[in-house]
Amino acid sequence: MAHTRSAANAPVGSQTLSRGLTALEILAAHDRPMSLNELAEALEVHRSNAYRVLRTLEEHRLVLRDGEGLIRLGPRLTVLARGVAPGLSTAAAKPVADLANAAGMTAFLTVLDEADVITIHSAEPTNVDVAVARRPGTRHSILVGAPGHALEALLTRERRLELLGTETLSEQAQLATARGYAVSESEVMGGVSAIAVPVHIAGEPPAALALAHFAPIRESEALAGQLLLAASRITQSYH
């Protein structure tokens, strides 16, 4: 999954900040901790420049390095993430947790940020041994994944043209419009399937509620019903 912003074209005065933000996006999109060399390659900078960025992020506890020197996102990001649509995240907490346990799958709430989908809240089921990890802050293109398809289906023609360069819905978004829910398989992460429905709350960015599972989605109509019920609970709990 590629990051969506480039530090290379940033003005000189803001290049360090841009690289730091891009590094956070790269780490959030990566499905495992990264080495310094990998991070430098993804940033398209020399290892020494990547190290300086890393040290600054470490000082602010935005990233951590484990005993092997591998880099991962740090706990401070959790605190910062609480400021993203706080009312929506608060309203989603219990419905998302209940949904995860009822379905036995990881449940997560996403919002649209330009042409990207960002997870703002997630919950793993407590009644299964293994579940998909979906961290808040995870970002991917609106053109992939069930939440992306559900959100694309919400866009007006003008907004689609602005963000995606076309007024035409993708095939997956057309299916989402017809069904009322979207499904995907191995689009964001290999071997992971998802199903999602839109969440409509006035004053909040377009949102989608989703379930993710290691196996192909079965009984999609029943799962969509659970998602719609949880989405309704989120809407009712919002204030």
Side-chain angles (χ1 to χ4, degrees), residues 1-86 89 96 100 106-124 129-145 147-148 184 186-192 194 210 212-214:
M1 187 191 313
H3 60 282
T4 57
R5 289 168 174 78
S6 173
N9 298 322
V12 174
S14 63
Q15 194 172 74
T16 300
L17 174 60
S18 183
R19 282 175 178 166
L21 295 174
T22 302
L24 293 176
E25 292 183 353
I26 291 168
L27 290 166
H30 219 61
D31 58 3
R32 58 176 176 78
M34 300 179 71
S35 69
L36 180 59
N37 286 339
E38 288 175 326
L39 182 60
E41 182 177 350
L43 285 171
E44 300 179 356
V45 300
H46 190 273
R47 190 175 189 276
S48 62
N49 292 332
Y51 180 75
R52 284 195 290 272
V53 171
L54 172 61
R55 290 295 299 131
T56 300
L57 295 175
E58 281 185 309
E59 289 173 5
H60 291 275
R61 304 294 290 170
L62 296 175
V63 302
L64 299 174
R65 279 185 287 178
D66 61 23
E68 298 180 353
L70 296 178
I71 309 158
R72 67 182 70 224
L73 295 177
R76 180 66 181 166
L77 279 174
T78 303
V79 177
L80 296 178
R82 291 174 189 160
V84 179
S89 294
V96 170
T106 297
F108 55 102
L109 183 66
T110 66
V111 294
L112 186 63
D113 175 36
E114 292 297 316
D116 284 351
V117 178
I118 300 178
T119 297
I120 64 168
H121 189 85
S122 67
E124 296 177 14
D129 293 330
V130 180
V132 176
R134 183 77 181 192
R135 296 172 302 202
T138 300
R139 173 190 295 266
H140 63 77
S141 167
I142 191 176
L143 295 177
V144 296
S184 63
S186 295
E187 291 186 16
V188 176
M189 185 182 301
V192 173
H213 194 46
F214 286 120

query: Counting distance only, does the side-chain N/O of Ser89 pair as donor-acceptor with the main-chain N or O of His121 below 3.5 Å?
result: no
field: Contact summary for Leu43 and Ala23, nearest pair of heavy atoms
entry: CD2-N, 3.9 Å
Spacing of CD1 belonging to Ile71 relative to CD belonging to Glu58, to within rounding of 0.5 Å: 7.5 Å
- prompt: At their closest point, which heavy atom of Leu64 faces which heavy atom of Gly74, and how far apart are they?
  reply: CG-CA, 3.9 Å
field: Separation of Ile118 CD1 from Leu109 CG (nearest 0.5 Å)
entry: 12.0 Å
field: CG-CG distance between Leu39 and Leu54, expressed to the nearest 0.5 angstrom
entry: 7.0 Å
query: When you check the side-chain N and O atoms of Arg134 and Thr119, is any donor under 3.5 Å from an acceptor?
result: yes
task: For the pair His46 (side chain) and Ser48 (backbone), establish whether a donor and an acceptor sit closer than 3.5 Å, ignoring hydrogens and angles.
output: yes
task: Could you pull out the closest heavy-atom pair between Ile120 and Pro136, with the gap in Å?
output: O-CB, 4.1 Å
field: Non-hydrogen atoms of Asp116 and Ser141 that approach each other most closely
entry: OD1-CA, 3.9 Å
task: Identify the two heavy atoms, one from His140 and one from Gly148, that lie closest to each other, and give their separation to 0.1 Å.
output: CE1-N, 4.3 Å
- prompt: Would you say the side chain of Ser35 lies within less than 4.5 Å of the side chain of Leu70, judging by non-hydrogen atoms?
  reply: yes
message: So does Pro147 get a backbone contact from the side chain of Thr110, meaning a donor-acceptor N/O pair under 3.5 Å?
response: no
- prompt: What closest approach, in Å, do Arg47 and Ala40 show between heavy atoms, and which atom pair accounts for it?
  reply: CA-CB, 3.9 Å
task: Count the heavy atoms of every other residue, nucleotide or ligand shown that sit under 6.0 Å from CD of Glu68, and state whether that count exceeds 12.
output: no
field: Heavy-atom side-chain proximity of Phe214 to Val132 below 4.5 angstrom
entry: yes
- prompt: Can you tell me how far CD of Glu25 sits from CG of Leu73, rounded to the nearest 0.5 angstrom?
  reply: 11.0 Å
field: From Glu38, Glu41, Met34, residue fulfilling side-chain contact (heavy atoms from CB on, under 4.5 Å) relative to Ile26
entry: Met34
statement: CZ (Arg32) and CG (Leu27) are apart, to the nearest 0.5 Å, by 11.0 Å
